[in-house]
> 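Take this structure, written in structure tokens, and hold onto it; I'll ask about it next.
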Amino acid sequence: MTTLLHISDLHFGRILTDVLEGLGRSIRTLTPEMIIISGDLTQRATSKEYQQAADFLNSLKTPYFIVPGNHDLSTFRIVERFFWPWRNWKKWIQSDLESQFSAENYQLIGINTARKAGFYMDWSRGRISPSQIQHVTQQISHAPQDQLQLLVAHHPFWLPPQYEARHLIGGRDHALASFKGSGLDVILSGHVHLDYCHVMNGMIISHAGTTTSDRLLPDTPNSFNLIQGDKHSLTIARHHWHQGEFQLSQSQAFHRKNGQWYET
Ligand SMILES: [Fe+2]
Ligand SMILES: [Fe+2]
């Protein structure tokens with residue numbers, strides 16, 4: 001059985017130190033085989049924040065898999081944003097913006113959905129391009145049938161109705177139509193700082209909230225998700241920060257039948 005820890009939106013620069021230390025304790029207790037980080041590693045993409053983030057990543061004893069978010073691009077240093085948008089990411093984190101990892105039981109496909117600009121006012125919005133959609137479906141088509149397929153992208157493919165004003169990822173409809181029946185099992189995201197799990201088009205859409213920052217929505221604590229299972233059944237255990245520790249908040253079970261996922 002595969003055990004993956006999904007954390008997101010750490011936002012170095014706005015870190016809650018006690019929560020970061022609590023995350024370390026949870027990692028040691030839960031012993032995941034992989035930590036998945038779905039973007040917004042920093043708050044303002046400064047060298048100082050990236051250095052702090054890199055120190056944290058280097059301290060992990062567990063392998064990690066990471067994609068960038070919109071906050072990992074500079075907001076106010078416009079020249080940097082347009083000419084060297086990922087310079088700090090590549091200097092401090094890794095050369096890749098779109099990681100890929102394949103183990104015996106699962107595959108992680110990472111895509112970069114943050115954009116330095118677009119034909120809209122809010123450049124925090126994300127997008128998946130036709131070539132990224134094709135990349136995802138091609139990777140899955142070459143994978144063993146029994147291998148769990150997970151897409152990791154910062155921006156959300158589904159939102160609860162009350163949060164839709166925060167914008168779904170651009171290109172979503174084309175992406176979901178292409179992913180339907182492709183063998184993609186789970187889409188992991190962050191960005192909205194809200195944790196939830198939801199089945200859509202036969203796929204599990206699961207978001208972690210901000211795991212370690214003070215950028216909290218009202219009545220929404222810091223959170224992470226523990227994902228356990230295989231290509232046939234999965235449990236996603238949502239953990240919330242409560243009374244000085246991350247504690248299990250809700251566990252949702254899913255099973256796969258005829259190529260579709262259902263909540264049990
Ligand atoms: Fe964020
Ligand atoms: Fe974000």
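Each ligand, and each atom within it, is numbered from 1 in the order the structure gives. Computed from a predicted model, the values in this text were never measured in an experiment.
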> Check the Fe ion (ligand 2) and write out every protein N, O or S atom at under 2.8 Å, as residue and atom.
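Within the sphere that stays under 2.8 Å of the Fe ion (ligand 2), the protein atoms of type N, O or S are Asp40 OD2, Asn70 OD1, His154 NE2, His191 ND1.
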> Given side chains that start at C-beta, do those of Ile109 and Val152 come closer than 4.5 Å, heavy atoms only?
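Ile109 vs Val152: side chains apart.
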> Is Val19 reachable from Ile27 through a run of hydrophobic residues whose side-chain heavy atoms are each under 4.5 Å from the next?
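Ile27 and Val19: one cluster.
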> Could you tell me which N, O or S atom of His11 is nearest to the Fe ion (ligand 1)?
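So the atom name we want here is NE2.
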> Any side-chain hydrogen bond (donor to acceptor under 3.5 Å, both in side chains) involving residues 18-29? Give me the pairs, sequence neighbours left out, ordered by first then second residue.
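Those involving residues 18-29 are Arg25-Glu245.
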> Establish, from distance only, whether the side-chain atoms of Asp9 and His191 form a donor-acceptor pair under 3.5 Å.
no
> Do His154 and Ser189 get their side chains close enough for a donor-acceptor pair, meaning under 3.5 Å?
no
> If the plane angle is over 60° it's perpendicular, under 30° parallel, otherwise tilted; pick one for His71 and His11.
perpendicular
